[in-house]
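Structure first, commentary second.
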Amino acid sequence: MKVKPIKRHKAIQPLSREHHQGLLLSWKIRTGLSKGVSTKRIKTYVDWFYTTYLAPHFEEEEKHLFPILGKDNAMVKKAVAQHRRLDRLFKSTTELNKSLNRIEEELEQHIRFEERVLFNEIQKMATEQQLQFILEHHIETKFSENTTDSFWE
Ligand SMILES: [Fe+2]
Ligand SMILES: [Fe+2]
């Protein structure tokens with residue numbers, strides 16, 4: 001069965017746009033590893049991306065979006081557990097090769113889950129007031145690339 005994609009409400013669009021940069025992070029890690037770039041170089045970029053964009057993104061979702069379904073919702077529980085696990089992987093400083101491989105894989109899976117399942121459900125369940133609240137409280141962070149060491153090029 002083909003599922004027609006749901007058009008994102010404009011309140012959720014900024015978070016969806018941030019997912020694009022997240023998927024690009026996975027691609028950069030994959031590319032770096034396959035080109036034999038040192039894990040230390042990759043990790044430096046990954047740390048910057050996590051602190052600057054991804055950690056605030058997780059926080060925003062947990063603070064404003066997930067409460068629409070409630071913390072006991074199974075899909076929300078799954079997403080929060082994925083955030084916790086990714087947070088541990090990003091903060092891990094040993095076995096870099098292993099943790100970078102895990103981040104690459106699990107971040108992509110997490111974003112696909114939100115885009116294909118969770119965000120659709122949230123949009124379906126949210127009231128217009130809830131969406132309006134998100135719209136008014138989201139501070140759009142414009143992505144500005146860190147070009148100190150573009151190892152993926
Ligand atoms: Fe998330
Ligand atoms: Fe997300």
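The analysis underlying the following values was restricted to heavy atoms, covering all of them including side chains, and did not include hydrogens, waters or symmetry mates. Both counts, for ligands and for their atoms, begin at 1 and track the order of listing. In this text the structure is predicted, and so the values were computed from the model without any measurement.
- Among the atoms of H57, an N, O or S atom is found under 2.8 Å from the Fe ion (ligand 2).
- In this structure, the ring of F49 has its center no less than 6.0 angstrom from the ring center of H57.
- Checked options R88, R85, R112; the residue passing with E106 is R85 (criterion: salt bridge (charged side-chain N to carboxylate O under 4.0 Å, His left out)).
- If you run side-chain contact (heavy atoms from CB on, under 4.5 Å) between L107 and each of L54, L89, L23, only L54 comes through.
- Rounding to 10°, one obtains 90° for the angle at the Fe ion (ligand 2) between NE2 (H19) and OE1 (E114).
- Side chains of E18 and E61 form no contact here, defined as non-hydrogen atoms less than 4.5 Å apart.
- Between the Fe ion (ligand 2) and E61 there is an N/O/S contact shorter than 2.8 Å.
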